[in-house]
Structures are given as C-alpha cells and as structure tokens.
Amino acid sequence: MQASKFHLFTTRETPAEAEITSHRLMLRSGMIRKLTSGIYTWTPLGLRVLQKVESIVRDEMDKAGYLEILMPAVQPAELWRETGRWEKFGAQLLKIEDRSGRHYCFGPTHEEVMTDFVRNEIRSYKQLPITFYQIQTKFRDEIRPRFGVMRAREFLMKDAYSFHIDDASLDDTYWEMHRVYSRIFTRTGLSFRSVEADSGAIGGSKSHEFHVLAESGEDLIAFSDQSDYASNVEMAAVANLRGNPTEATEELRTIDTPDAHTIEELVNAHGVAIEKTIKTLIVQAAQDCKEDFVALLIRGDRTLNAVKAERLEQVASPLRFADDEEIRATVGAGPGSLGPVGLSLPVIADQEITLMSDFVAGANTDDKHYLGINWKRDLAVPITADLRNVIEGDPSPDGKGTLHLARGIEVGHIFQLGTAYSESMKAVVLGEDGKSHIMPMGCYGIGVSRIVAAAIEQNNDDRGICWPEPIAPFQLALLPMNAKKSQRVQAAAQELYSQLLQAGVEVFYDDRKLRPGVMFNDIELIGIPHRIVIGERGLDNGVLEYRRREDTENTEIQLDGAVDAILEKIGAG
RNA sequence: CGGGGUGUAGCGCAGCCUGGUAGCGCAACUGCUUUGGGAGCAGUGGGUCGGGAGUUCGAAUCUCUCCACCCCGACCA
C-alpha cells in the first residue's frame with residue numbers, strides 16, 4: 001500500500017472523550033470514528049486489523065468443520081416471544097417497529113433465529129451433531145457504552161450454535177470448541193486465559209470465558225499458582241473450611257456507637273479489629289420464601305459475591321438489597337446498626353463466620369453495637385454458605401496452590417445451553433429409537449471487534465500501538481528519507497517496494513515525502529511491527545536500516561538480497 | 001434510571017460572569033525556504049456559536065425548553 005493512496009489520518013491531540021489507552025490510540029491512529037454514542041465507523045486502517053482477527057476466527061472455525069451461515073440482523077418479535085425473551089431480555093434489546101406496526105428487534109444474539117432454522121432443517125439424529133456459526137454485527141443497547149469499541153452498542157461478533165442428540169455429544173463439542181478457541185487466541189498472538197464462568201440467567205451446566213489479560217480489564221479472574229484452576233472471581237469458590245470456633249473469652253455487652261454506621265467507622269472509633277466484625281446485609285428473599293427478606297452475614301473486611309448469593313434458594317435473583325425504609329420496617333433499626341443477635345429473619349452466614357468468636361455486630365437498635373458475641377451462648381449457629389469473594393492469597397479451591405488475581409478482558413464465552421431454547425421452541429429430531437428428542441444446544445461467542453481493543457490494551461507503549469504480528473494492519477513499513485530531493489532514494493524505495501509486493505509482504509510504503517520525524521511518529525503510532533528506512537547515507541554503503549517496533553536500535557541489511565533478508569526478519573520467508 | 005458536566009471551524013480550547021455581531025493552537029490549502037525524530041516565513045479557506053422559543057434596538061453571552069455527547073453510581077449496613 002502506498003501512503004499517498006491510502007487514507008491515513010493520525011492526530012497529535014486526543015479527542016476529549018477517550019478514557020482508556022486502547023480507545024485513545026484507536027482514535028489517534030485513525031482506526032475508528034465515532035458516529036454516535038457506542039457506534040463507530042471502521043476506517044480502512046482499522047478495518048484491516050478487524051478483518052485479520054475475523055479471518056483467523058473463520059479459518060479455525062472452518063478447520064474444525066463448523067458451517068458458516070449468515071442470519072438476519074433484524075428479527076421478528078414472535079420468535080422472541082416463543083422463548084419469553086421479548087420481555088425478559090430487558091432494555092438492552094433494541095426494538096423496532098415497521099410501517100404497519102409489526103415489531104422487530106435488532107439482534108443482540110441469535111439463539112431464537114438459529115433454533116428456528118434448525119427445527120425446520122434438521123429432522124434426524126443422523127444429521128447430528130451439527131454446528132453453525134456466523135460473523136455478524138450485533139446490537140445491544142448498553143446501559144452505558146464506553147471505552148470505544150470495547151463496550152460499544154454495535155459490535156462485530158462471531159456466534160456459533162451446536163445441536164446434539166444427547167448431552168454427551170454436547171459435552172464433546174463443548175470441549176472441542178474450547179480447544180478451537182484456544183487455537184484462535186493463540187494465533188492472534190495475545191496473552192489469554194480460559195476461566196470457569198457463571199452461566200448466568202441462561203442456565204446450563206457448564207460455561208467458560210476466555211480473557212485477554214490486561215491491567216485495565218473490567219473482569220477479575222483468579223487462578224492457582226500450582227494447578228490449572230482458573231475462574232472468574234464471580235464464580236471462584238472459597239476453599240472449604242472446617243473446625244470449631246475458639247473458646248469465648250468475653251462477655252456479651254452493648255456499647256453506644258452513634259458515630260459508627262459503617263464497619264470502617266466502627267473499627268476506627270472503637271478500636272475493634274476488623275476481623276472481629278460482622279456485616280449484616282439484608283436482601284430480598286426468593287418468591288417462595290415465607291419472609292420478605294433474608295440476612296446475609298460476612299466478615300467486616302470481606303465483600304459479598306452477588307453471584308453466589310443469587311444462587312441460594314432463599315435469595316431472590318437478581319440480587320436486591322433492601323432499602324433503608326424496608327430495613328427499618330423489618331428490623332426496627334437503621335442500616336449501620338444491624339446484627340444477627342435477636343434478628344427475626346432467616347440468616348445465612350459465610351462459612352468462616354461460624355468459626356468466629358468474641359465478635360462485634362450491630363444490636364438492631366439505632367446507635368448500639370454488641371461486643372463479645374459468641375455462637376450458641378448468644379445466638380444459634382446459622383446455616384452457612386460460601387458468600388464472599390476470593391482474594392489474593394486464598395488457598396485454591398482444588399487444594400493445590402494459592403490463588404492469584406489478574407485483570408482480564410472477556411473476549412470469548414462458551415456455554416452448554418442444554419434444552420433451554422430447543423424445548424420452548426420445540427426443536428426436535430427423530431432418534432434411533434424412532435422417538436422425538438429435544439436437541440441439547442451449545443452456544444459459543446467471540447467478540448471480534450473487542451479483540452482489537454483488547455489487543456491494544458495489552459500491547460502498547462508511550463509511542464503508540466505495538467501490534468502482535470498476526471493482526472497488524474501491515475507487516476512492514478518502508479520509509480524513504482528525503483525522497484523529494486533524492487532521486488536515488490526514491491528509485492531504490494520504489495524498486496524495493498515492488499519486490500516486497502511481489503514477495504507477498506504487506507508493506508506500507510510511505511511515499512508522502514514528509515519530514516522523517518512525521519513518518520516515524522505515524523508508523524510507530526499505528527504500530528507496524530517492522531520498518532525499513534532508505535536514505536542517502538545507507539545507499540552510499542549499500543545498506544538499509546531495519547528496526548522492529550519494540551526496538552530502539554537499528555540494524556543494517558545489505559541492499560544486495562535485501563528482500564530475502566527482510567522476509568527472514570518478518571518470519572514470512 | 002439517578003447525580004454531575006459539556007456542546008463555539010476537522011481536533012483541542014478561549015470568549016459567556018459584566019449583551020455591541022467570534023478568536024487562539026493544531027490540522028487543511030497556496031508559495032518560498034528547510035529536510036534523519038511531529039520545520040520556518042508569508043498568505044488563504046473554513047463557523048446555522050447543538051436546535052427552538054423568549055427578553056432586548058441588538059444574544060455565543062440573559063431566560064425557558066428540547067436534543068446530543070461525556071463522566072460518576074448497582075459491595076451500603
């Protein structure tokens with residue numbers, strides 16, 4: 001590509017809206033342009049990267065024998081009503097009405113359309129298992145779009161759906177897909193990790209997320225330093241605790257705490273050790289419970305894991321905290337003075353809570369706390385559950401090693417859906433036994449456009465983007481020095497450019513006749529992994545200058561046989 | 001959805017308080033000089049001041065209203 005015929009538009013200044021590195025660099029390098037909130041145009045430069053990612057995904061899916069299709073982006077409401085998601089999906093579903101008042105949505109995902117397709121196409125177990133995929137623009141009306149294409153409303157996604165005669169077949173394809181995903185992310189050149197994940201409201205027995213590791217990631221993942229255990233913190237279990245509480249050494253007593261309505265204030269104002277405090281969280285109870293609310297107990301220095309709490313049968317899902325009025329009406333005291341002693345609500349305690357002794361909690365009377373609380377003597381031992389988030393240094397739940405935390409950007413997610421959709425949509429096949437069978441399904445997503453942002457988030461420096469080679473927009477930049485003046489340089493650059501094209505190198509030839517500094521800065525900003533500089537100086541000695549994006553020193557390449565030497569450098573020869 | 005903020009040239013901003021008909025830097029265009037890490041000089045083009053309504057002789061500026069965009073908020077007992 002000749003720069004003079006390309007649309008390269010870099011900026012020195014950063015548009016005010018960019019918050020994170022990848023967003024800033026994508027705007028400065030001119031990869032994307034915002035049309036409106038959460039909706040972006042991919043420029044020729046950005047599109048080259050997007051399509052590299054896309055083609056790696058497509059290639060691996062094809063190799064695995066999955067079949068590419070293209071489903072409509074606009075979907076009729078009737079299909080979504082069949083599964084109940086027209087209402088359940090929530091405000092993220094962009095609903096559209098046509099001229100005659102019929103309802104549609106712009107597809108945020110395609111389980112319904114896919115299942116409808118398959119129930120009409122597939123009749124026999126002999127056609128199973130089968131997996132279809134597509135790479136397509138999706139729309140989710142995010143509550144708060146941000147970070148450019150990282151959390152955009154319109155985005156490019158690869159979604160795949162598998163159909164099976166039984167769960168064993170689903171399990172096979174699921175793990176096969178796990179391997180295919182690992183190959184895909186390996187090929188992009190990114191550092192990633194697969195983790196156990198929450199399958200969410202969709203249900204299903206098994207789910208893994210794939211995360212690109214990056215400091216700025218929105219998700220926290222936990223992994224063991226001595227085993228393969230890796231999990232989203234949402235899901236990461238706290239290792240089972242055994243034992244009994246230590247002996248009571250203190251009397252139960254009440255203190256006045258008008259100045260302490262948070263754990264922090266309690267610790268600071270009354271010299272209580274935070275490990276001796278208990279937080280009492282009042283949450284809405286599940287519908288079939290007798291009470292309206294349930295109390296959850298966790299140690300003062302811990303944080304509640306909402307996913308774990310929602311999974312309790314006594315607790316409403318989604319999790320909802322009682323508001324101040326509800327707490328006052330139920331307990332008779334305000335938040336800030338709550339505790340388990342004398343509480344007339346169902347109580348579920350984090351497992352470590354029942355091992356505590358001589359602990360501190362609110363007295364369910366405004367501005368009062370109990371000190372020296374002990375189980376059995378002062379109150380009954382409650383039922384327990386794993387309620388808290390794991391932290392750095394916790395033992396791994398598989399018993400091997402210690403947990404460490406890292407931040408990740410979710411770029412892939414695979415689910416075993418089971419029959420959640422095929423049952424409500426009556427997607428059945430005839431089995432070997434001559435009877436109808438509901439097909440278990442799997443679904444598997446990859447955020448193609450998000451990978452581009454995640455790649456930058458993981459690979460950048462103060463000069464710009466440092467693309468991993470497999471997804472770089474160009475492999476090599478060719479920069480002539482002073483081409484405007486020097487016929488020699490210009491001729492040599494032209495010649496080399498033609499030869500490199502012949503050799504199949506994706507070369508960006510900067511024939512713009514700009515000052516060198518401008519070219520260097522542009523090429524480094526857009527992150528081309530290799531660069532060749534041609535100048536009078538080098539030509540006098542029969543050499544070119546070569547440098548990798550991440551290097552700070554040049555190396556020389558002999559002009560004779562330069563193409564082969566370059567091919568070797570970029571690993572394409 | 002709640003709270004906060006911002007809309008002035010392609011981008012980044014000043015001007016608004018105290019009303020008098022719009023400016024700076026970067027970018028773009030022309031010419032000359034310059035040329036190995038974002039050049040210099042001279043000149044040029046480009047603005048419904050987010051939209052609408054109102055107050056006023058006069059509104060970017062004051063008032064009302066609508067819209068768009070950005071930020072914060074779902075771990076609080």
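Because the structure is predicted, anything quoted here is derived from the model rather than measured. Note on naming: letters A, B, ... go to the chains in the order of the sequence lines (proteins, then strands), and numbering restarts at 1 for each one.
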**Q** Please walk me through it: do A:W375 and A:F359 pass ring-ring contact (aromatic ring centres under 6.0 Å, His included)?
**A** CA-CA 9 Å; A:W375 298 113; A:F359 53 89; 5.1 Å; yes
**Q** Is A:G336 touching bases, backbone alone, or none of the nucleic acid, heavy atoms closer than 4.0 Å?
**A** sugar-phosphate
**Q** Any carboxylate oxygen within less than 4.0 angstrom of a Lys/Arg side-chain nitrogen, looking at A:R548 and A:E553?
**A** no
**Q** Would A:R253 and A:Y370 count as a cation-pi pair here, with the cationic atom under 6.0 angstrom from the ring centre and within 45° of the axis?
**A** no
**Q** Rounded to whole angstroms, how far apart are NE2 on A:H369 and P on B:A77?
**A** 10 Å
**Q** Within the structure shown, what part of the strands sits under 4.0 Å from A:I282 by heavy-atom distance: base, sugar-phosphate, or nothing?
**A** base
**Q** Rounding to a whole Å, what distance do you find between A:L514:CG and B:U35:C1'?
**A** 11 Å
**Q** Need to verify one output field. Residue with the more 5' nearest nucleotide on RNA chain B, A:E545 or A:I327?
**A** A:E545
**Q** Taking A:R299 first and then A:E352, would you say they form a salt bridge - that is, a charged N and a carboxylate O separated by under 4.0 Å?
**A** yes
**Q** Would you tell me whether A:H270 and A:D259 have side-chain atoms, one donor and one acceptor, within less than 3.5 Å of each other?
**A** yes
**Q** Output one letter per nucleotide in nucleotides 39-50 of chain B: B when a protein non-hydrogen atom lies under 4.0 Å from the base, S when only the sugar-phosphate is that close, - when neither is.
**A** B-----------
**Q** Is any side-chain N of the basic residue among A:E536 and A:R488 closer than 4.0 Å to the acidic one's carboxylate O?
**A** yes
**Q** What is the separation between atom CG on A:L525 and atom C1' on B:G37, rounded to the nearest whole Å?
**A** 14 Å
**Q** Sticking with atom C1', work out how far B:G47 lies from B:A22, rounded to a whole angstrom.
**A** 9 Å
**Q** B:U35, OP1 or OP2 - any side-chain N/O from A:K513 closer than 4.0 Å?
**A** no
**Q** Both distances below 3.5 Å, Watson-Crick or wobble geometry, any strand: find the nucleotide opposite B:C69.
**A** B:G5
**Q** Taking only the P atom of each, what is the distance from B:G5 to B:U65 in whole angstrom?
**A** 16 Å
**Q** NA contact type, A:R33, heavy-atom cut-off 4.0 Å: base, sugar-phosphate, or nothing?
**A** nothing
**Q** Keeping A:D394 on the side-chain end and A:T402 on the backbone end, is there a donor-acceptor pair under 3.5 Å?
**A** no
**Q** Just call it for A:T303: base, sugar-phosphate, or nothing, with non-hydrogen atoms closer than 4.0 Å on any strand.
**A** base
**Q** Contact class for A:L319 (heavy atom, under 4.0 Å): base, sugar-phosphate, or nothing?
**A** nothing
**Q** With nearest nucleotides of RNA chain B determined for A:K484 and A:G334 from heavy-atom distances, which residue corresponds to the more 5′ nucleotide?
**A** A:K484
**Q** Applying the salt bridge (charged side-chain N to carboxylate O under 4.0 Å, His left out) criterion to A:E524, which one of A:R531, A:R549, A:R28 satisfies it?
**A** A:R531
**Q** Considering only heavy atoms, which members of residues 343-362 of chain A lie under 4.0 Å from some atom of RNA chain B?
**A** none
**Q** Check for me whether A:K95 meets the cation-pi criterion with A:W80, that is, NZ or CZ under 6.0 Å from the six-membered ring centre and within 45 degrees of the ring axis.
**A** no
**Q** What protein N or O atoms touch nucleotides 72-74 of chain B N or O atoms at under 3.5 angstrom, if any, and at what distances?
**A**
residue : atom : partner : partner atom : Å
B:C72   : OP2  : A:R144  : NH1          : 2.8
B:C72   : OP2  : A:R144  : NH2          : 2.3

**Q** Does a sphere of radius 6.0 Å around NZ in A:K485 hold more than 12 heavy atoms from other residues, nucleotides or ligands, not counting ones at 6.0 Å or beyond?
**A** no
**Q** Contact class for A:R531 vs. all strands (heavy atom < 4.0 Å): base, sugar-phosphate, or nothing?
**A** base
**Q** Between N or O atoms, less than 3.5 Å apart, protein on one side and nucleotides 10-13 of chain B on the other: list the pairs.
**A**
residue : atom : partner : partner atom : Å
B:C11   : O2   : A:E13   : OE1          : 3.4
B:G12   : OP1  : A:A16   : N            : 3.0

**Q** Check for a donor-acceptor pair, side chain of A:W467 on one end and backbone N or O of A:I526 on the other, with a separation under 3.5 Å.
**A** yes
**Q** Can you pull out every side chain to side chain donor-acceptor pair (under 3.5 Å) where at least one residue sits in residues 377-386 of chain A? Sequence neighbours excluded, please.
**A** A:K308-A:D386
**Q** Answer with base, sugar-phosphate or nothing: what part of the nucleic acid does A:P516 contact at a heavy-atom distance below 4.0 Å?
**A** sugar-phosphate
**Q** Please give the nucleotide sitting opposite B:G46 as a Watson-Crick or G-U wobble pair, both distances under 3.5 Å, or none.
**A** none
**Q** Whole angstrom is fine here: how far is it from CZ in A:R547 over to P in B:G37?
**A** 11 Å
**Q** Does a sphere of radius 6.0 Å around CD in A:E550 hold more than 12 heavy atoms from other residues, nucleotides or ligands, not counting ones at 6.0 Å or beyond?
**A** yes
**Q** Mind checking the P distance from B:C49 to B:U61? Whole angstroms is fine.
**A** 9 Å
**Q** Does the structure show a Watson-Crick or G-U wobble partner for B:G31, both distances under 3.5 Å? Name it, or say none.
**A** B:C41
**Q** I'd like the P distance from B:A74 over to B:G20, given in whole Å.
**A** 45 Å
**Q** For A:N521, which residues count as a side-chain hydrogen bond (donor to acceptor under 3.5 Å, both in side chains) partner, sequence neighbours excluded?
**A** none
**Q** Using Watson-Crick or G-U wobble geometry with both distances below 3.5 Å, tell me the partner of B:G10, or none.
**A** B:C26
**Q** Could you check whether atom CD of A:E264 has more than 12 heavy atoms from other residues, nucleotides or ligands sitting under 6.0 Å from it?
**A** no
**Q** Quickly work out the A:N521 CG to B:G36 P distance and round it to whole Å.
**A** 14 Å
**Q** Applying a 4.0 Å non-hydrogen cut-off, can you work out what A:R512 is touching in the nucleic acid: base, sugar-phosphate, or nothing?
**A** nothing
**Q** For atom P, what is the distance between B:U63 and B:C1, given to the nearest Å?
**A** 26 Å
**Q** Between A:Q499 and A:E495, does any side-chain donor sit less than 3.5 Å from a side-chain acceptor?
**A** yes
**Q** Pick base, sugar-phosphate or nothing for A:D324, based on heavy-atom distances below 4.0 Å to the nucleic acid.
**A** nothing
**Q** Taking atom P of B:A77 as reference, at what distance in whole Å does atom CG of A:L297 sit?
**A** 13 Å
**Q** To the nearest angstrom, how far is A:R320 atom CZ from B:C75 atom P?
**A** 13 Å
**Q** By the definition side-chain hydrogen bond (donor to acceptor under 3.5 Å, both in side chains), identify the one residue from A:R407, A:H211, A:R151 that meets it with A:E218.
**A** A:R151
**Q** Within the 4.0 Å heavy-atom criterion, would you say A:T262 contacts the bases, only the backbone, or no part of the nucleic acid?
**A** sugar-phosphate
**Q** Tell me the interatomic distance from A:D462, atom CG, to B:G38, atom P, rounded to whole angstroms.
**A** 15 Å
